[in-house]
Protein chains: 4
Amino acid sequence: MCGVLVQLEDALAALAERHVETVMVARTWLQQATPTTFGRKAAGWLAALRRTRAGLERALREASVLQFGGASGTLASLGDRGVEVGEALARELGLTLPALPWHAERDRFAALAAACGNVAGILGKIARDVSLLAQNEIAEAAEPSAPGRGGSSTMPQKRNPVACAIALAAAVRAPALVATMFAAMPQEHERGLGGWHAEWETLPELVRVLSGSAHVMAQAIAGLEVDAARMRANLDATQGFAMAESFKTALAVSLGLWRAHDIVEAASRRAAGEGRTLREVLDGDPDVRAHVSPEALDRAGDPRNYLGVATQFVQRSIADRAP
Amino acid sequence: MCGVLVQLEDALAALAERHVETVMVARTWLQQATPTTFGRKAAGWLAALRRTRAGLERALREASVLQFGGASGTLASLGDRGVEVGEALARELGLTLPALPWHAERDRFAALAAACGNVAGILGKIARDVSLLAQNEIAEAAEPSAPGRGGSSTMPQKRNPVACAIALAAAVRAPALVATMFAAMPQEHERGLGGWHAEWETLPELVRVLSGSAHVMAQAIAGLEVDAARMRANLDATQGFAMAESFKTALAVSLGLWRAHDIVEAASRRAAGEGRTLREVLDGDPDVRAHVSPEALDRAGDPRNYLGVATQFVQRSIADRAP
Amino acid sequence: MCGVLVQLEDALAALAERHVETVMVARTWLQQATPTTFGRKAAGWLAALRRTRAGLERALREASVLQFGGASGTLASLGDRGVEVGEALARELGLTLPALPWHAERDRFAALAAACGNVAGILGKIARDVSLLAQNEIAEAAEPSAPGRGGSSTMPQKRNPVACAIALAAAVRAPALVATMFAAMPQEHERGLGGWHAEWETLPELVRVLSGSAHVMAQAIAGLEVDAARMRANLDATQGFAMAESFKTALAVSLGLWRAHDIVEAASRRAAGEGRTLREVLDGDPDVRAHVSPEALDRAGDPRNYLGVATQFVQRSIADRAP
Amino acid sequence: MCGVLVQLEDALAALAERHVETVMVARTWLQQATPTTFGRKAAGWLAALRRTRAGLERALREASVLQFGGASGTLASLGDRGVEVGEALARELGLTLPALPWHAERDRFAALAAACGNVAGILGKIARDVSLLAQNEIAEAAEPSAPGRGGSSTMPQKRNPVACAIALAAAVRAPALVATMFAAMPQEHERGLGGWHAEWETLPELVRVLSGSAHVMAQAIAGLEVDAARMRANLDATQGFAMAESFKTALAVSLGLWRAHDIVEAASRRAAGEGRTLREVLDGDPDVRAHVSPEALDRAGDPRNYLGVATQFVQRSIADRAP
């Protein structure tokens, strides 16, 4: 499964690189906030996926230890040769030999399950974002289309984000499967009753659910359709409110931060009430007119000038190969 | 909290060392199995606690990264100096500066929660074992007693395992608190709605619950009362069935493994049915009499001779300081 | 808490009634589907809230039974008068006297927790919908605004759906709190160790979380701002695709269902590819021209004519007072 | 499945009736408390199983409603005949027709899942108790034995409580499966994305897990081996401490409650310290000798005289057929 995750990371890195200058609006609390780039967004997904994939590999490595203890963890039937035989067996199986058997201490599997859940959670986060971007009224991104994919028998125009559905379902199911592995931990004495048995179907199910999520999201991201023009249009469609912080920062140079804040806040309210753009209202403000040049307002009103270090963040994320 | 966990580890190591030769019966599926030592049991607890404590420290370290992204993760209000300011701030706070802001990618906190849950699970496992050993009919161990500790207003003789109750309660609660952190992961865009807010009370609550468990178990283990004589008596009380594997191993030398298995199985059934000891029945078996000396049976019937490498496991566990 | 839920139901019923003719687009898989009304949407919320509130009241009633068993469930210290005293005590406390004490059988509390979780889930569903409708690009509904409510220190234009955040957070947290109550159920003998104690903080926390959710959603729904014009505009903005099923149904009268399906599917694809409306493409189709009058197409293209029994569903929901 | 649960209830009722006078020790906090009867214990299991089974049947009935809403819940393609067709279809399928379609309001399935989880929890409680009673050192009950059932390949004497293992595993798994159904509830608009899909495998899995638990426990309880002599022996083995409350109650008649409490508490401590029985120590107490006759002490020391209304509780539980 880590292979398909690496493919997904490569697709995310390519997406981040390709859209390093694709301006869009960032959204917080499900509301438009300030400008960002789609590259920056993808770079955030990339970093998180790399971290959680690395965590999964580590947990897998740490769980790949031999459990070899005989009937109850002393290897009594091997006399005094238990450790020696254990070493040979571990070598044979390519597993680490731990200090001692651990049949009823299940922390390594709980950690492995948590690492799976963490990847599923990040895939769910990517799917959440993609499915929100794919809403008809936003339409900034769409899963790749193919005949029969995401259609509806009664609504021929439909193009459902089916990969996101699977990844989101996995992100709903994984937390509880992880919880089961933790709930099973207080196992009795040298081999538990019930807790141990609860793991048998749970861990494979979790791996299966995660695997499905990883595969569909790798496909969806590799073929993701991005509409840069629509991204820009959505940013522009809200009366310039997404540029409010930018205007405030520009005004603050000559008017001070608190004054700038008050002016922009009042102007935002007025613009909202009158259905005008924030820029129009600011243009009519005597204080602004007195202290800020139209060129400075032009500059402040252009989202391309208010992206901070988004590009550096993209580059840093792509370069950060070894989490 | 890691301090109190280290204290608990020290107490477990001391317990393991002190009882390296204290023979007791191992139990699997809540049934007596074969002999082990209490030192071996404590050594298993020790190794698991060390692993999960190390995992907690690592997760804490990995979660100690600066989140610094401004309104929506570009640091636009700082112009092109975002990374530079981020570096200075991280230095100031003693945090790592990650490749980029991560407000809506919550994997590090999910991993931290899981690491807490893993310690709580192992403390729950220790508490499960201690509370089972403390049952009146078993009475092999007891929490330290003190005036007012574990008493009952209506039953003056009661000595309730109160530390175990707290640790077991924590192990029941922790999995769900961990699951909440994972369930909160698919957060929308640059700052989520609801998922983020679900974390606010959950992670502190989990830390609080774990901390309580760690403190009471550190006390309980430091003062644990162990009854070595009762351990031996419980092993001896079950007609020698715990030595069945040992007898089988001894018989196998001259009779072969399958033959030995059949003989011991039949003898076990007969001993159970007639209320006699396994040794008595084996003594009356002509095959055994013909091929196995009474001295060999004596040897095989003594649990001290059927402990395998339990002592080495104890030593390996105590020595394995750096998981 | 049930009082505030009833208030919320009243607000939902009023909303459903007021918007019984407010046309909007229904959305499935986060994609526009076919027309509906906002009244129909609110009526669905209403019915579910009534069901779960009724379930909560029932569970509360069923959990309001006396636990009175003495030290271990026999009332031995009362001699043979246990039942008699129990009856008097239950009368005094206004509780039901069950057949027998039930200290370690926790099903009633698990059921009560589940009933709380069910209300929290439905409130989360309403919050999910409202927050999606409140996205800037959709803007069909908004939480009531008030000075200081939902604002942002750095983005003065922001109007965050804060009630939805709280209700969604509650819906993320409740499932795990419910799970804890179920996980605590296998309690030992006459009074459990750990499981019982895990309930102490969990059930109150769940009630607290639910209560917060109920209060903020009652406020948010009572003052919900609905933009009917925007609802209609969003429906119209997608080239008439939301009317595809309606066109298909109209065409089927003279062309048969399968033929109609094929024509509409092809026309949808073409309209999407050429950026035209579905109606325009259908107008140009010779088969359609030959068999379907422009008036019939006009009728089929008007969402007000394709609402099925939405109005009856609203009325049935409002009338269905006693679930 | 409800059929097998009713069988299990019948077996529990038979057990409760058969052992209405079988004295055993009740245990709280995993410590011996006061006397009870095995009939009383089984009667508690019975009442809880009946309640949760009734809850499951009710939830199943309440979830057996028709979901019939067409593409998005208006039945638009049926014109104005939606309700009429719905009524006919519901009749055909033997389902209730609800006030309106409910595709994205999932409370009925969440309630059904919770009802399953509640039965699984009670079965887990019974399994916990049986497995604890079956420990070799307690040996008061055992699962029915059969060739090959519960054996161990290496330990021929083993008789593992395999039904309990399955029921306890189910009780570990069910809470998380229930939580998944609740976590899936905030489904988007008229048909959700991900939440809905998360239910598809979860509810069937929960039913499967519960069903397995019900079947094995029905078998285990039907053939449960109860050792009444051992029950009595375990009660007597702890120096009479289980009779402390009874002695206190007897002493209180002439010495007052607080005085009686102090005397019994001191005597308990002394008995514990000196390894004597509580009765011996009380016999040597001058206050006791002065005020309480040996006959009264004899009476108070006999557990059969300190069972309160255990028998009535058994009868009430058996009679309480319709929860």
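Given the structure is predicted, the values throughout are model-derived calculations rather than measurements.
- Interface remark: C:Arg27 contributes side-chain atoms only to the contact with chain A (heavy atom separation under 4.5 Å).
- When the shell of 6.0 Å around CZ of A:Arg276 is examined, it contains more than 12 heavy atoms from other residues, nucleotides or ligands.
- Checked by atom type, the side-chain pair C:Thr277/C:Gln239 shows no donor-acceptor distance below 3.5 Å.
- Judged by distance alone, the side chains of A:Glu137 and C:Gln135 never bring a donor and an acceptor atom under 3.5 Å apart.
- Heavy atoms of A:Ser131 lying under 4.5 Å from chain C belong to its backbone as well as its side chain.
- No part of A:Thr249 comes within reach of chain C, as not one of its non-hydrogen atoms sits under 4.5 angstrom from that chain.
- Chain A forms more heavy-atom pairs under 4.5 Å with one residue of C:Ala272, C:Ala242, C:Ala134 than with any other, namely C:Ala134.
- In summary, the side chains of C:Gln187 and C:Glu199 do present a donor paired with an acceptor at a separation below 3.5 Å, with no hydrogens or angles considered.
- Top candidate by heavy-atom pairs under 4.5 Å with chain A, chosen from C:Ala237, C:Ala33, C:Ala183, is C:Ala33.
- Judged purely by distance below 3.5 Å, without hydrogens or angles, the side chains of C:Gln219 and C:Glu143 never pair a donor atom with an acceptor atom.
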